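What follows is a single structure, written as structure tokens, with notes after it.
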Amino acid sequence: MTSDIHDDAVLIVDFGSQYSQLIARRVRELGVFSQICAWDNDQVNPEYLSKFRGIILSGGPETTTIDSAPFASDAILSAGLPILGICYGMQTLAKQLGGAVEPSDVHEFGYARIEVEGQNKLLSGISDHHEDGKDYLDVWMSHGDRVSEMPEGFQLTASTESCPIAGFADEERHIYGIQFHPEVTHTLQGARVLEHFVRGVCGCGSSWTPAQIVADAIEKIRDQVGTDHVILGLSGGVDSSVTAALLAKAIGKQLTCVFVDNGLLRKDEATQVIEMFGDDMGLDIRQIDAEELFLGKLKGVSDPEEKRKVIGNTFIEVFDESAATIDNANWLAQGTIYPDVIESAASATGKAHVIKSHHNVGGLPEDMQLKLLEPLRELFKDEVRKIGLELGLPYDMVYRHPFPGPGLGVRILGEVKKEYADLLREADAIFIEELRTADLYHKVSQAFTVFLPVRSVGVVGDARRYAHVVSLRAVETIDFMTARSAHLSHDFLDRVSSRIINEIPGISRVTLDISSKPPATIEWE
Ligand code: XMP
């Protein structure tokens with residue numbers, strides 16, 4: 001009944017744009033399944049393309065004016081499917097189909113007002129301004145090159161003063177190009193432009209909804225697993241929690257969760273997880289207290305990458321040992337989500353630089369006997385959250401800030417000690433509590449406290465205090481690839497600082513991290 005939610009699918013061909021995932025998400029927000037593939041993926045052949053009803057070519061950082069420029073494959077151009085080229089995608093269409101592209105004197109970056117030209121299925125009927133009988137759209141541009149000549153058979157659909165060919169279309173072949181970015185919210189009517197493409201041109205419906213995704217996932221899990229038993233490493237993070245809720249609904253008692261307390265969790269986290277999933281949802285959870293083991297292995301280790309490896313390997317060791325005691329388990333469930341899949345594919349082809357080794361991607365023993373079950377593999381984070389709500393998980397749980405796999409291990413700079421972790425837990429809990437009280441928690445994307453292993457002099461009452469320093473970090477970001485420090489008021493920061501110093505004797509000073517990413521990263525290690 002629900003097996004058709006992938007039928008109306010759109011393929012996003014990625015030319016290296018930072019916005020490719022955003023295009024895929026926007027299409028899905030319209031209720032249409034989308035998938036991303038790299039422009040040079042050699043699996044893209046007619047059979048692969050037959051799963052799709054349309055193709056979007058993304059933007060990209062390259063120029064089509066050199067010989068080695070990325071291009072749309074013959075399979076894509078000859079599939080007979082509707083195509084929408086965005087920015088670089090439009091330029092490569094122009095070049096490959098017989099038009100021309102030239103470097104522009106003016107590099108446009110930011111808002112532009114485009115004039116909609118003629119009648120076509122993509123842009124007609126959408127306007128932000130109507131003046132002198134003409135329609136205009138406020139859009140976001142970001143390009144150096146521009147199309148200087150349209151291929152034969154194409155009509156002009158949009159123009160600006162500095163970019164006379166800002167949109168073109170061959171309606172007979174259902175091929176469209178736009179120089180602006182409809183996927184970013186700065187393009188006010190961007191969602192409608194994409195909707196015109198996926199519905200009006202490609203003829204897609206809108207079956208990709210949280211309720212349908214859940215129903216489809218449940219059916220698939222039951223099909224895959226049958227009467228087998230499944231093990232899940234539950235961390236309390238959004239992805240593993242939604243996986244647990246989904247599996248609970250699909251296979252109930254055939255699921256056993258393993259929750260490893262590594263001593264690097266936030267305040268009261270273990271209790272909350274056990275209460276929610278064990279007591280409230282009735283799941284079978286094995287709680288393993290491994291604080292001593294983890295902290296023992298981390299003794300004397302201060303290099304960030306080394307710490308990540310120790311924590312990752314110890315987790316696998318503890319988890320495997322516990323899993324081996326669960327009878328008849330043939331499946332290991334993981335909360336892998338679509339960006340993890342894209343990221344691992346990119347690092348496998350050497351296209352992504354490893355800045356930090358995020359150990360939740362990969363890291364499984366090579367001789368693992370269990371089969372892998374990844375029910376969130378197709379979903380973006382915002383979709384995981386929506387299906388979490390659909391499954392009845394509380395809003396505050398589903399919209400919790402991300403917490404890194406190595407936990408407080410990467411928020412205690414240098415060597416990790418229990419004393420430091422205890423102090424950090426208390427300070428972080430105060431910061432988060434104050435954010436919630438001030439109704440700021442959901443307005444920032446991620447907030448936490450970092451422990452600095454230095455000591456500083458303070459005076460509390462009449463006494464001298466020589467104690468540790470923490471730093472507050474709060475960021476705003478859309479995709480966690482870039483971020484800026486959140487602008488919290490001085491009054492608010494004063495309150496947090498004074499509570500931390502007054503309530504925690506081991507901390508004498510509170511600082512604020514205002515670095516942007518890049519060049520800093522969000523976490524300190
Ligand atoms: P950075 O510090 O790289 O962080 O700017 C970007 C986002 O990723 C999270 N992060 C991690 N998540 N394992 C994880 O599961 C890790 O090792 C890890 N390191 C960073 C970080 O919290 C932020 O949301």
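Indexing begins at 1, ligand by ligand and atom by atom, following the structure's order. Quick caveat: nothing in here was measured; it's all calculated off a predicted structure.
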Exercise. Any salt bridge between R26 and E183, counting N to O under 4.0 Å?
Worked result: no

Exercise. Any idea how Y441 and H401 line up, ring-wise: parallel (<30°), tilted (30 to 60°), or perpendicular (>60°)?
Worked result: parallel

For this session: Please check if the distance between the ring centroids of Y111 and W140 is under 6.0 Å.
Result: yes

For this session: Would you mind running through ligand 1 and noting each atom that sits below 4.0 Å from a heavy atom of K517?
Result: 1 (P), 3 (O), 5 (O), 6 (C)

Exercise. Should the pair H468 and Y420 be assigned to parallel (<30°), tilted (30 to 60°) or perpendicular (>60°) ring geometry?
Worked result: perpendicular

Exercise. Could an N or O of ligand 1 be found under 3.5 Å from any N or O of G405, whether backbone or side chain?
Worked result: yes

Exercise. In ligand 1, which numbered atoms sit nearer than 4.0 Å to a non-hydrogen atom of T521?
Worked result: 1 (P), 2 (O), 5 (O)

Exercise. Taking distance alone, with no angle check, do R308 and ligand 1 share an N/O pair under 3.5 Å?
Worked result: yes

Exercise. Could you walk me through whether E29 and F380 pass the side-chain contact (heavy atoms from CB on, under 4.5 Å) check?
Worked result: CA-CA 11 Å; E29 280 163 12; F380 285 110; over 6 Å; no

Exercise. Where on P404 is there a heavy atom closer than 4.0 Å to ligand 1, on the side chain, on the backbone, on both, or on neither?
Worked result: both

For this session: May I ask you to list the atoms of ligand 1 that are less than 4.0 angstrom from any heavy atom of P406?
Result: 13 (N), 16 (C), 17 (O)

Problem set entry | The one among M481, E305, E525, E523 that brings a heavy atom closest to atom 22 (O) of ligand 1 | E523

For this session: Determine the interplanar angle of the F15 and W39 rings, folded into 0 to 90°, and report it as parallel if under 30°, tilted if 30 to 60°, perpendicular if over 60°.
Result: parallel

